[in-house]
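Accompanying notes for the structure given below.
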Amino acid sequence: MGKITFIEHDNTEHVTEFEAGTTLMQIAVDNAVPGIDGDCGGECACGTCHMIVADEWFGKTGSIGDAEEQMLSMTPERAQTSRLGCQVRTTEAMDGMTVHLPEFQM
Amino acid sequence: MTISEKQTTVIVGGGHAAGALMTILLQKKYQHEVVLVGEEPHPPYQRPPLSKNYLAGEVDQASLYLKPRVVYEKAGQQLRLGVRVEQIDRDNKTIRLSDQSTLKYDQLVLATGSHVRRLRAPGSDLQGIHYLHDITDTDALREKLVPGKRLVIVGGGYIGLEVAASATKKGVNVTVLEAADRLMQRVTGPEMSAFFYAKHRGAGVDVRLNTAVTGFEAGDQGRVAGVTLADGGTVPADVVLVSIGVIPETALAEAAGLPCDDGIVVDEFARTGDPDILAIGDCTHHRNLFFEKMQRLESVANAVDQARTAAATLMGEEKPYDSAPWFWSNQYDVRLQMVGLSQNSDQRVLRGSAEDKEFAVFYLREGSVIAVDAVNLPVAFMVGKQLVQHRKSVCAKALSDPRTDLKSLV
Ligand SMILES: Cc1cc2nc3c(=O)[nH]c(=O)nc-3n(C[C@H](O)[C@H](O)[C@H](O)COP(=O)(O)OP(=O)(O)OC[C@H]3O[C@@H](n4cnc5c(N)ncnc54)[C@H](O)[C@@H]3O)c2cc1C
Ligand code: FES
């Protein structure tokens, strides 16, 4: 059990508790964080779970797969540390992590 | 109004549309009491994995749930599961439930989904003939999928084909019988149909096109032993899956006198003929401003997008439904993503080739992109989403030229 903070585009913060193994998308959905709907349920098929991981935490989120990279490449608010939330499975090492949400999803 | 006189919004049906609506209302801090009444014993769950990795035994039941039941309840939303809504009394704004209780509503949202189309033919009530629509159906079918057994699937649509792929993975011998001259005819063009035909044949599935089913043959103890064909032949079977489409669930709405026509008729704000009753998801025949005509769709994207529209309507905002439909399907190592509806295209442009296992078909009408089907090429799907939503005109040559960066066309 640890904490991850989601910060909306308007700076509203959502501090959430998580169990390692849950994806970032699922944590956001379970906590009704606005703007993350995860339409495809985590299949990497919809692109509606775009998140921007705080720089210092990005290295802990694992590598970006080819399908994820292709989906992200068309996201207007793509940043250096962008991820699809459904493709990031949390670990204990992510306790305390901060994740920013873009203004719009695809 | 005091707090105790809070208005109540009741959602009928516990599927994907209902679940999405619950979540969106929570995100938007909706102030009314929210109660969901669902016939199934489960909190809202995703059906797509039923024919894919859940059937293959790769994910568990809890992972199907949009979120755990306690999450709704902790947030103050009520779930009444395992209870069916039997009747809507519009005059008294009350619904009657199968446990004989009644519930008052101020706003009602119908999200009753669809039910499977049954095949009525001699022998269709034999044991061992399955349909696939919910968790119970899937558990029953999964139990029968043991190596070496013969599964015959009636219907070569995307659900039948996904089951073929999942069952093949488990070592089952699969035959697919399709009446039309190509697979997934209703949703995709000939190039994709041909690609999936080759894919399934290559995996060892016996796919038979132009093959009409006339009935079922009985074996021992009332169990199905074969599927009989119009040409007089029989295909031996241990298990049969009939997958020939769904019918919108409109009985409740019809009995309440709401206009229905191949679905509950709703406008672009998800409103039915009664100002206090909305409807969303598979059960609707709806106006989507993206199309010029009324439309019925069976997809998660439609369920979720209509839920967004309904949430806005409930909160007094106007957010018409105007998004391009999209869809996905997984079969073997193939990820198919589709956007738009391709039926009325007058030109098809292929990008890449089927042999490379990464390609896309762009469907044009009068020079504008109206749909894209992408195989293992998510970037074509994402570009397609933009092109289709904005009805962009593009040069067919540029689309097919591998040197064109697809992203530059948006
Ligand atoms: C096997 C399978 C695979 C699929 N794969 C995909 C896919 O890959 N991609 C995709 O986009 N879509 C897919 N779909 C379609 C998608 O799941 C549906 O479009 C979506 O579930 C529709 O949501 P809904 O809420 O409108 O209806 P449903 O999810 O069908 O939910 C309706 C619910 O309402 C309940 N109900 C009905 N009447 C009453 C009543 N009177 N009282 C109480 N409860 C009631 C039903 O029991 C049901 O639980 C698939 C569907 C199936 C069956
Ligand atoms: S939830 Fe659909 S891509 Fe992440």
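Here the structure is a predicted model, which means the values were calculated and not measured. Any value given below was found using the heavy atoms of this structure, including those in side chains, with hydrogens, waters and symmetry copies removed. So that the names make sense, note that chain A is the first sequence line, chain B the second, and so on, each numbered from 1.
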Next item on the list: Mind listing the closest non-hydrogen atom pair of A:Ile52 and A:Ser82 along with its distance?
Entry: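 So the minimum-distance heavy-atom pair works out to CG1-OG, 3.8 Å.
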Item checked: Partners passing ring-ring contact (aromatic ring centres under 6.0 Å, His included) against B:Tyr45 (at least two apart in sequence or in another chain) ->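 Residues passing ring-ring contact (aromatic ring centres under 6.0 Å, His included) with B:Tyr45: B:His42.
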Donor-acceptor pairs under 3.5 Å, side chain of residues 382-389 of chain B to any protein atom, not counting sequence neighbours: which ones?
residue, atom, partner, partner atom, Å
B:Lys385, NZ, A:Cys46, O, 3.4
B:Gln389, OE1, B:Ala324, N, 2.9
B:Gln389, NE2, B:Asp322, O, 2.9

Next item on the list: Output yes when a side-chain donor or acceptor of A:Thr48 lies under 3.5 Å from a complementary backbone atom of A:Asp39, and no otherwise.
Entry: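 Checking the backbone N and O of A:Asp39 against the side chain of A:Thr48, a donor-acceptor pair under 3.5 Å is found.
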Check: Would you say B:Gln31's side chain and B:Lys29's backbone share a donor-acceptor pair under 3.5 angstrom?
Finding: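 Answer holds: yes.
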Check: Taking NZ, NE, NH1 and NH2 as the nitrogens, is one of them in B:Lys169 or B:Glu58 under 4.0 Å from a carboxylate oxygen of the other?
Finding: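 So B:Lys169 pairs with B:Glu58 through a salt bridge.
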Next item on the list: Under 4.5 Å, heavy atom to heavy atom: which of residues 55-71 of chain A reach chain B? Give them by number, or say none.
Entry: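 Expected list: A:Ala67, A:Gln70, A:Met71.
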Checklist line | Output field: ring centroids B:Phe327/B:Tyr158 closer than 6.0 Å | finding: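 Between B:Phe327 and B:Tyr158, the centre distance is under 6.0 Å.
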Check: A:Leu72 versus chain B, heavy atoms under 4.5 Å apart: side chain, backbone, both or neither?
Finding: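 For A:Leu72, no heavy atom lies under 4.5 Å from chain B.
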Item checked: Under 4.5 Å from a heavy atom of chain A, the part of B:Leu64 involved ->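 It is neither, since no heavy atom gets under 4.5 Å.
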Item checked: Atom group of B:Phe381 that falls short of 4.5 Å from chain A, counting heavy atoms ->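 Contact with chain A involves the side chain of B:Phe381 alone.
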Note to self: Looking at chain B, which one of A:Thr75, A:Asn31, A:Val29 has the largest number of heavy-atom pairs inside 4.5 Å, strictly under?
What the structure shows: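 Most pairs with chain B among the choices: A:Val29.
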Which donor-acceptor pairs under 3.5 Å do side chains of residues 402-410 of chain B form with protein atoms, sequence neighbours excluded?
residue, atom, partner, partner atom, Å
B:Arg403, NE, B:Asp401, OD1, 3.2
B:Arg403, NH2, B:Asp401, OD2, 3.0
B:Thr404, OG1, B:Ala398, O, 2.8
B:Thr404, OG1, B:Asp401, O, 3.2
B:Asp405, OD1, B:Lys407, N, 3.2
B:Ser408, OG, B:Asp405, O, 2.6

